[in-house]
Number of protein chains: 2
Amino acid sequence: MPGPVFVVLDGWAIRYKILPGGSRQIISFLMPGDFCDMHVAVLTEMDHSIATLSDATIVTIPRHQMEALTEIRPALARAFWWTQLVDEGVLRATIVSMGRRTSLERVAHLLCELSFRMRNIGIATDDHCEMPFSQIVLADAVGLTPVHVNRVVGRLRRAGALEVTAGTLIVASLSRMVEIAGFDDNYLHRRLKRIGANSTGQHM
Amino acid sequence: MPGPVFVVLDGWAIRYKILPGGSRQIISFLMPGDFCDMHVAVLTEMDHSIATLSDATIVTIPRHQMEALTEIRPALARAFWWTQLVDEGVLRATIVSMGRRTSLERVAHLLCELSFRMRNIGIATDDHCEMPFSQIVLADAVGLTPVHVNRVVGRLRRAGALEVTAGTLIVASLSRMVEIAGFDDNYLHRRLKRIGANSTGQHM
DNA sequence: CGCACGGTTGAAGCGGCTCAATCTGGGTGG
DNA sequence: CCACCCAGATTGAGCCGCTTCAACCGTGCG
């Protein structure tokens, strides 16, 4: 298994793909603490790209070290395994959002997901989740036009759920955002509950 | 790790989620040979459902047996690992499709993916891939209305890429479909190349 | 100062949705 | 064997959400 594993320590990163026409689709967000196993590099060619949003510090862990670690501490192997399962859950949730939610719900849902994840790692509170990216990035993530995202963002702001400055979005009321999105943190709770439980060695 | 692993032997299945409003989004298709590890059941509650399309035969492998297998034959563990990576790649491709492709491309792209996967397991050829599901199912998979999917299907048929009968769709010309979809089988080739290579024990 | 980029807003066009009707083949009860 | 029924396919008409095009503004920066 060639290729190292990456971990985001500070700053944000995204997985994305540029289509022949030039448009970009952001597939997922990586925030501090997230593993960015370049799975894909393990296979053949990469089918998508990874980039950082503004400055970020990324740690590299050589693959052999990784394997040594998981061999010594099986609990780690399980933790990694779970991490991947959760990531898959997030991807599935994204598909559901893109397929069957209105633009308002879709934007709100994404902001909720990111807010919850930020809260979980302690870089946000219920009334202040600061997302360090532009509305353009948001647009490429939810599959809409920057122009239309801007209008949606306006609605969220007028609803008192969001605040906006150039280059960053701030979720000012998670509860309101959750309500608008019809957000069910089930699939993320899992991330918490199990990874937390697992780290104490209760399972298997 | 509770919960058995499932393998589809015959027939098709889908992962899907029903939203509060009653609409359904199909997340992925499972065809013969596909593992349907109920990952999620391993975690807490399921965040989506699985169902078969028409009759199907599913094999159940108890978890402990699975673990015994992978212990005896590490190559199997790697194969499962890869399978999961590939599945993730498919999910990512789906997200890209839903976000940035037109309805025509989107439908064609899905049909291409399924056709290639069917060809890979030997249940279809370049000019005859028979999909055992209705346009309604297709609609729920690509995030469109049955009515509109029907119009798109009409266009594909008039382009000579597709044939339609009640309850089944037949890709009559993969090459034409690929052209319409702008399909790049890269992310699936991987499935072939690597899993094939892996089974010979070349890696790691 | 001027430029570039992100945000904001308006107007017009189009793609996909909704509503609704018709058609078809297959399955059912009589 | 026939009348009936139903799900899926098909087609038309009108509506609405999102895109496109096109301004204009504010701000950070070379």
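Chain letters run A, B, ... following the sequence lines, proteins first and then strands; every chain starts at 1.
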Tell me the interatomic distance from A/Leu104, atom CG, to D/dC16, atom P, rounded to whole angstroms.
18 Å

Once you apply a heavy-atom cut-off of 4.0 Å, does B/Gly167 come out as touching a base, just sugar-phosphate, or nothing?
sugar-phosphate

Nearest whole angstrom, please: distance from the P of D/dA9 to the CZ of B/Arg157.
11 Å

May I ask you to say what A/Ser134 touches in the nucleic acid, namely base, sugar-phosphate or nothing, with a heavy-atom cut-off under 4.0 Å?
sugar-phosphate

Map A/Arg158 and B/His148 onto DNA chain C by nearest heavy atom, then report which one ends up closer to the 5' terminus.
A/Arg158

Just how far, in rounded Å, is P of D/dA7 from CG of B/Leu138?
20 Å

Rounded to whole Å, the CZ-C1' distance (B/Arg151 to D/dG12) equals 7 Å

Can a side chain N or O of A/Thr145 be found less than 4.0 Å away from OP1 or OP2 on D/dC18?
no

Tell me what A/Arg106 touches on the nucleic acid: a base, only sugar-phosphate, or nothing, going by heavy atoms under 4.0 Å.
nothing

Between A/Arg155 and D/dG17, is there a contact of a side-chain N or O with OP1 or OP2 at under 4.0 Å?
no

List the atom of A/Ala139, the atom of B/Arg100, and the distance in Å for their closest heavy-atom pair.
O-NH2, 3.2 Å

For D/dA7, take OP1 and OP2 only and decide whether either is under 4.0 Å from a side-chain N or O of B/Gln135.
no

For A/Leu144 and D/dG17, give me the distance from atom CG to atom C1', rounded to whole Å.
10 Å

Candidates B/Gln25, B/Arg15, B/Lys17 - the one meeting side chain to side chain donor-acceptor pair (under 3.5 Å) with B/His48:
B/Arg15

Would you kindly compare B/Gly143 and A/Ala166 by the position of their nearest DNA chain C nucleotide and give the one closer to the 5′ end?
A/Ala166

Counting any heavy atom closer than 4.0 Å, what does B/Val147 reach on the DNA or RNA strands: base, sugar-phosphate only, or nothing?
base

Provide, to the nearest angstrom, the distance between the CD1 atom belonging to A/Ile170 and the P atom belonging to C/dG7.
13 Å

Phosphate contact (C/dG7 OP1 or OP2) by A/Asn150 side-chain N/O below 4.0 Å:
no

Do the non-hydrogen side-chain atoms of B/Phe80 and B/Leu69 ever get within less than 4.5 Å of each other?
no

Measure the acute angle between the ring planes of B/Phe183 and B/Phe116, then classify it against the limits of 30° and 60° as parallel, tilted or perpendicular.
tilted

Considering only distance and modelled atom types, tabulate donor-acceptor pairs under 3.5 Å from the side chains of residues 159-179 of chain A, sequence neighbours left out.
from: A/Thr165; atom 1: OG1; to: A/Thr168; atom 2: OG1; distance (Å): 2.9
from: A/Ser173; atom 1: OG; to: A/Ser175; atom 2: OG; distance (Å): 3.4
from: A/Ser173; atom 1: OG; to: A/Arg176; atom 2: N; distance (Å): 3.2
from: A/Arg176; atom 1: NH1; to: A/Ala159; atom 2: O; distance (Å): 3.2

